[in-house]
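The structure under discussion appears below in the form of structure tokens.
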Number of protein chains: 2
Amino acid sequence: MAGKNLVGPEADALDLGAVFRALADEHRRSVLTQLATDRDDNERGCNSFDLPISKQTQTHHFRVLREAGLIDEIDYGNRKGVRLRRADIEKRFPGLLALLGAEPPGDTAPG
Amino acid sequence: MAGKNLVGPEADALDLGAVFRALADEHRRSVLTQLATDRDDNERGCNSFDLPISKQTQTHHFRVLREAGLIDEIDYGNRKGVRLRRADIEKRFPGLLALLGAEPPGDTAPG
DNA sequence: CTTCAGGTACGATTCAAGTCGTACCTGAAA
DNA sequence: TTTCAGGTACGACTTGAATCGTACCTGAAG
């Protein structure tokens, strides 16, 4: 019933390079921006982000975000939850999440 | 005599994706960290960063940093200067430069 | 049990990025 | 002028990342 939390790095072990690499991708940045915008930090389903990519690729992106220490993944077997590691991120890299709000969401180049 | 400033994006046009992509590379992050640490924002020579890469690759990295809007490049013909665009960066992405200080310099994995 | 949707594992493909070799340009100094 | 160090341009190589196809796993609902 209660999903098990997939492992990520400890709060003190967050690597700035890995974080920047994770946020360099448009889709991953979109996910994290959506998570950071919700101040209640609700757990969300993986398919609630409207990513225009296949589910295999989504799996890849969520894994990158988790291994960078930005999100927790909760495995329920046949579905998965995602939660922002806001406290850990703010502790190690204060102000990082606020930067994501400085970018207008869905800023994909037209044409 | 007075070098000419190579063009980069306007302050309001700084793109977060380009910035994260630029800072995802270890060498470029090292350069920007060194620049951000100097609170006097002195202009520095391109070969004052002790980058363990060829000069062609250095040219490439400085170009990426400039096109991301993070630095100004001043061309003197047979040598080049680099200056951090601190005001523009702080205006558009406040707190970003402070994040670089949270990472210990020269943190290359041993062994 | 079967069915079904969500997710993963593995491999293959495609593309972007980091790197360097060769050649060339630039300005200063001899 | 020549020489020299710093830098660029172009091309080529190599690695890593993003993407998807196929097959398989998981738990819930019939």
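The chains referred to below are lettered A, B, ... by the order of the sequence lines, with proteins before strands, and numbering in each begins at 1.
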Between atom OG1 of A:Thr57 and atom CG of A:Leu51, what is the distance when rounded to the nearest 0.5 Å?
10.0 Å
To the side chain of B:Gln56, which of D:dG6, C:dT22, C:dA17 is closest?
C:dT22
D:dG6 base to B:Lys80 side chain: any donor-acceptor pair below 3.5 Å?
no
Report yes if at least one side-chain N or O of A:Thr57 is closer than 4.0 Å to OP1 or OP2 of D:dT19; otherwise report no.
no
Give a yes/no on whether any side-chain N or O of A:Arg63 is located under 4.0 angstrom from OP1 or OP2 of C:dG7.
no
Assign A:Asn47 to base, sugar-phosphate, or nothing according to its heavy-atom contacts below 4.0 angstrom with the strands shown.
sugar-phosphate
Between atom CG in A:Leu23 and atom P in D:dA17, what is the gap in whole Å?
15 Å
Rounded to whole Å, how long is the line connecting atom NE2 of A:His60 with atom C1' of C:dA12?
15 Å
Salt bridge check, A:Arg44 against A:Asp38: does any charged N sit closer than 4.0 Å to a carboxylate O?
no
Round to the nearest Å and state the distance from A:Leu6 atom CG to C:dA9 atom P.
9 Å
Mind running a 4.0 Å heavy-atom check of residues 66-74 of chain A against DNA chain D and sending the residues that fall below it, in number order?
none
Would you kindly give the CZ-to-P distance between B:Arg44 and D:dG6, to the nearest whole Å?
16 Å
OP1 or OP2 of C:dT8 versus the side-chain N and O atoms of A:Thr59: is any pair under 4.0 Å?
yes
Does B:Asn78 contact C:dG27 through a side-chain donor or acceptor facing the base, at a distance under 3.5 Å?
yes
A side-chain contact here means heavy atoms from C-beta on lying under 4.5 Å apart; do A:Leu97 and A:Glu90 qualify?
yes
Rounded to the nearest angstrom, tell me the gap between atom CG in B:Leu51 and atom P in C:dC20.
11 Å
Between A:Gln34 and A:Ser30, a side-chain donor and acceptor under 3.5 Å
yes
I need the CD-P distance between B:Gln58 and D:dA5, as an integer number of Å.
16 Å
Measuring from atom CG of B:Leu14 to atom CZ of B:Phe93, what distance do you get when rounded to the nearest 0.5 angstrom?
5.5 Å
To the nearest angstrom, how far is A:Arg21 atom CZ from D:dT15 atom P?
17 Å
Nearest 0.5 Å, please: how far is CG in A:Leu96 from CG in A:Leu32?
7.5 Å
Reckon A:His61 has a side-chain N or O less than 4.0 Å from the OP1 or OP2 of D:dA17?
no
Supply the atom-to-atom distance B:Leu99 CG to B:Arg29 CZ, rounded to the nearest 0.5 angstrom.
11.5 Å
Inter-residue atom distance B:Glu73.CD - B:Glu67.CD, 0.5 Å rounding
9.0 Å
Reckon A:Asp25 touches a base, only the sugar-phosphate, or nothing at all at heavy-atom distances under 4.0 Å?
sugar-phosphate
Quick one: is D:dA18 close enough that its OP1 or OP2 comes under 4.0 Å of any side-chain N or O from A:Arg28?
yes
More 5' along DNA chain D: A:Ala24 or A:Arg79, using each one's nearest nucleotide?
A:Ala24
Can you tell me the distance, in whole Å, between the CZ atom of B:Phe20 and the P atom of D:dA17?
18 Å
